[in-house]
Amino acid sequence: MAKMEVKTSLLDNMIGVGDMVLLEPLNEETFINNLKKRFDHNEIYTYIGSVVISVNPYRSLPIYSPEKVEDYRNRNFYELSPHIFALSDEAYRSLRDQDKDQCILITGESGAGKTEASKLVMSYVAAVCGKGAEVNQVKEQLLQSNPVLEAFGNAKTVRNDNSSRFGKYMDIEFDFKGDPLGGVISNYLLEKSRVVKQPRGERNFHVFYQLLSGASEELLNKLTLERDFSRYNYLSLDSAKVNGVDDAANFRTVRNAMQIVGFMDHEAESVLEVVAAVLKLGNIEFKPESRVNGLDESKIKDKNELKEICELTGIDQSVLERAFSFRTVEAKQEKVSTTLNVAQAYYARDALAKNLYSRLFSWLVNRINESIKAQTKVRKKVMGVLDIYGFEIFEDNSFEQFIINYCNEKLQQIFIELTLKEEQEEYVREGIEWTHIDYFNNAIICDLIENNTNGILAMLDEECLRPGTVTDETFLEKLNQVCATHQHFESRMSKSSRFLNDTSLPHSCFRIQHYAGKVLYQVEGFVDKNNDLLYRDLSQAMWKAGHTLIKSLFPEGNPAKINLKRPPTAGSQFKASVATLMKNLQTKNPNYIRCIKPNDKKAAHIFSEALVCHQIRYLGLLENVRVRRAGYAFRQAYEPCLERYKMLCKQTWPHWKGPARAGVEVLFNELEIPVEEYSFGRSKIFIRNPRTLFKLEDLRKQRLEDLATLIQKIYRGWKCRTHFLLMRKSQIVIAAWYRRYAQQKRYQQIKSSALVIQSYIRGWKARKILRELKHQKRCEEAATTIAAYWHGTQARRELKRLKEEARRKHAVAVIWAYWLGLKVRREYRKFFRANAGKKIYEFTLQRIVQKYFLEMKNKMPSLSPIDKNWPPRPYLFLDSTHKELKRIFHLWRCKKYRDQFTDQQKLIYEEKLEASELFKDKKALYPSSVGQPFQGAYLEINKNPKYKKLKDAIEEKIIIAEVVNKINRANGKSTSRIFLLTNNNLLLADQKSGQIKSEVPLVDVTKVSMSSQNDGFFAVHLKEGSEAASKGDFLFSSDHLIEMATKLYRTTLSQTKQKLNIEISDEFLVQFRQDKVCVKFIQGNQKNGSVPTCKRKNNRLLEVAVP
Ligand SMILES: Nc1ncnc2c1ncn2[C@@H]1O[C@H](COP(=O)(O)OP(=O)(O)O)[C@@H](O)[C@H]1O
Ligand SMILES: [Mg+2]
């Protein structure tokens, strides 16, 4: 579904003005105020026509979200509030749709936000261009090249914590659909002096700190590095940590990015080894050593570091050591070796470190290019993004600043050329009226620097190549001679001595008045840095390295390829590459982002008007606005213009015959565009206001929709008509065939109908004749028939009468018979039917029962009384019988079982039964007694001579003879006693002597009490007032309590015919002499063992603890 389009404009909800062209009145003050107002409202982007001004907010703003990307996607440039995305979208669309190569030029001071802007442009383009796995990989690789290059090429400076120390130009290549294919990165002049020395408050390149903080211990050991920054001379100490930067985390990001970009593991490792080698080189120190012949010579102080470097890089230690102490000069066929003094040795060391690092950087760029280069040979469209170091003015400005600022001059030049000059020149060329606008053209400064005969760079080269002693001072002298009269060059010693009185200009310096301000350059080091000299001995030593990467970085060290020609100087190399870049940019459609730095503190919310004013001035932004306002916003050659808008007018649509210009005139007249809104140039139409253009675009869009409808309409009409004609033709053919068929059918119908009618008529006629003939014949036969019928009728009447007579007689007989039968049946029915039913029923029942019993006979269970088996019942109605039978059978087999008993056994069981009735479910001790046979006489007093006297004293039969514990009433302690039960008496005797202690006639025993628990205590209560009762009731404990109680009960019953009272209770009273004492059974604890214990608590209570 098409999204409903909401027409918006740059002019909606504007803060200040979004486009400086609309500023009224236009002057520096209003310009800055407008920027400030917008900056304070977080609007950091502002347009000047199609140029985007970006003010660094120094904090992250929520304006780069994916939603914002969607907002700006495919929208007109002036439709939404100014944004870097609008410019990116415009550039990308005109690349994709109009096939124009683009370049995005980002300029501004160091820290103004150029690098961030370039990343934003790339990420926007990546977000809106094609999708798909392959395309995504290309995008990912392009984006991930940034962290790698930033780690190696960026550093903290006083201006910017992440300042790019190299220039970068990246061509992103697209196919015809606008899908990215790959890219090419060019790098410009890495500031390599930073490797060996950094100004105050600045750092070396990020990668050194990242490696030391982020590498694992294992990696550090492998590279023989230590984590401590202070161990390394090349790392300045005063600002080793940068606020808000996590070097260790960034190290992981970089490693990951390298992997995505396509670095093999061994390649990444090699790179880190080179980085480590550079760091360690800084720790090599030299000391002077005098030689006999008076020459200075240096010696390495501590060879340990050298040894580690050689191990890391695979260089022969002696080779490297020699390269640090000698220098071989080859001239023609001669080879001269001179020793190096300490200063020269340090120079050589630093030169090696710088070269190693800068060549590594170039190698990285090439390696990345190899990964990201487009894989196809199809024609490519290109979008170039230029992020080059900004204009730099430091306290001490040296060769690097000179080069950087030169580059910025060139960029300003190209900006001037493409926007201001080009614009004015075009107006003149096209014959359009133009009021000239003054602007500062910096071509003159470029010329001062790059002129081939007397430019500063040419002078420097000349000085470097000149034989004889060359110093920075001689170079300055030369400059003073050649450039003194130049209005942008100032120096104390210049010929005219104009500046002799200018004390702000020290010696050994020169000043250039750049378009962006005056810069004072220290001349010291210019010659050296331009020469960029690395002693051949060192490059040869490097070439001999076992480390393949290092070897490949120094191809000139190969003795086979010795080249005596001097390599080009740094200055001329840079000049050449800048010239190539400029040429490249000129072929593309430029898009400008001009970055402005709001303050020098890297702080958010601060807008320093003086600083901004300075930048606006030297960037020439005001002139830029003036030119825009004086001129026309849009121009286009007549042909494409007519081609694009011809559908808006009847005369030009669909074909215009005649010159394109006339066509455009007709078109614009027809559309009634006010004449002041456009002008006709020689080959182009100029439209003053973007709004007019948008109006045209809208009309075109509307018209295109109408045209599409029209085409659709005509096509549909044509399609319906052809369809209709075809249908009509077919219909005629079908109708003809159908009619023929219908007629044929009708004729056949009529023909067969005629035949039918004919045959009916013939039939009818024949039948008529037949009928007449038949009638004649029937008349003849009728007389005979009537006679015959008459006789017949007579005969049948007679027969009927006879039959009637006979039937009546038979009916009487039958009725009589029935009546008789009925009478008999009535009489006997009741006997017959009822009895038969009952008889059958009984018979059946009898059979079933018989069968049941016969079957039962075979299924009888065993005779064991405990066998619980019983066959299932076969019929429901036999249920009670079946149960009864089971009961009877059980009783019978029990009887059978009992019948086997002897009298002895019977007695035993009787006793057991008695015990069961007395104690089952009442006393916990009972279940354990069931299995014990009741023996009665446990103590065989007849056999033991000790008890002879006792035996003699008893004449009756002894029922129980057993040793029991008698509980002492006073303290609960127990004493053993022989307990004897005879038919009439209960006797207690001393266990040792057998002397009788007490004798109680059974009639005096009234009750036996015991607890319900699992103990053997029992009390024997005696009749009050009896002789035996004088001492009180007895309290015993015995192992055979159940047996003894049962026997006592039985004996009492048989002798006195009275049931002995047996009380089972956990609390009962016992009479001790006069007192009644309560015997109480409590749950004792287990620790006393399993024997119950008895204790007299007080004179009313005796407590028995049962475990
Ligand atoms: N659009 C932006 N949004 C937020 N912060 C920004 C933006 N542009 C720049 N910065 C901040 O400013 C710092 C310097 O920007 P950078 O692009 O490195 O400057 P330059 O490349 O011009 O020297 C960045 O590190 C970032 O903190
Ligand atoms: Mg930068």
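One-based numbering, in listed order, for ligands and for the atoms of each.
In this structure, C595 does not count as a contact residue of ligand 1, since none of its heavy atoms falls inside 4.0 Å of the ligand. Ligand 1 lies less than 4.0 angstrom from a heavy atom belonging to P57. Contact annotation: N162 has at least one heavy atom less than 4.0 Å from an atom of ligand 1. Heavy atoms of A112 come nearer than 4.0 angstrom to ligand 1 in at least one pair.
In this structure, the side chain of Q198 engages the main chain of Y234 through a donor-acceptor pair within 3.5 Å.
For F77 and Y47, the distance between ring centers is under 6.0 angstrom. Taking the six-membered ring where the residue is Trp, the centroids of F85 and Y124 are separated by under 6.0 Å.
Taking a cut-off of under 4.0 Å to the non-hydrogen atoms of Y64, the atoms of ligand 1 that pass are 1 (N). Residue contact check: S110 has heavy atoms under 4.0 Å from atoms 23 (O) of ligand 1. Taking a cut-off of under 4.0 Å to the non-hydrogen atoms of E109, the atoms of ligand 1 that pass are 22 (O).
At under 3.5 Å, a nitrogen or oxygen of T115, whether backbone or side chain, sits near a nitrogen or oxygen of ligand 1. The N/O atoms of G113, backbone and side chain alike, include one that comes under 3.5 Å of an N/O atom in ligand 1. Of the N or O atoms in G111, one or more lie within a sub-3.5 Å distance of an N or O in ligand 1. Where the criterion is an N or O separation shorter than 3.5 Å, residue side chain and backbone included, D387 fails it with respect to ligand 1.
The single protein non-hydrogen atom nearest to atom 5 (N) of ligand 1 is R59 O, 3.7 Å, given as residue, atom name and distance. Regarding atom 11 (C) of ligand 1, its nearest protein heavy-atom neighbour is N56 OD1, 3.4 Å. Annotation: atom 22 (O) of ligand 1 to nearest protein heavy atom, K114 NZ, 2.7 Å.
Classified by interplanar angle (parallel below 30°, tilted 30° to 60°, perpendicular above 60°), the ring pair F399/F526 is perpendicular. Relative orientation of the F607 and F39 rings is tilted, given thresholds of 30° and 60° on the angle between their planes.
Between OG1 of T115 and OG of S164, the angle at the Mg ion (ligand 2) works out to 90°, rounded to 10 degrees.
A salt bridge is defined here as a Lys NZ or Arg NE, NH1 or NH2 lying under 4.0 Å from an Asp or Glu carboxylate O, and K529 with E400 meets this definition. Using a 4.0 Å cut-off between a side-chain N of Lys or Arg and a carboxylate O of Asp or Glu, E150 and K119 qualify as a salt bridge. In this structure, E109 does not pair ionically with R159, as no charged nitrogen and carboxylate oxygen lie closer than 4.0 Å.
For the pair R594 and F415, the distance from NZ or CZ to the six-membered ring centre is under 6.0 Å and the angle to the ring normal is within 45 degrees.
With N160, I44, I388 as candidates, the residue nearest to atom 14 (C) of ligand 1 on a non-hydrogen basis is N160.
Protein heavy atoms all stay at least 4.0 Å away from atom 27 (O) of ligand 1.
For the 3.5 Å distance criterion, the side chains of T107 and Q412 fail to qualify, holding no donor opposite an acceptor. Using a 3.5 Å distance cut-off with no hydrogens or angles, the side chains of Y232 and N204 do not pair a donor with an acceptor.
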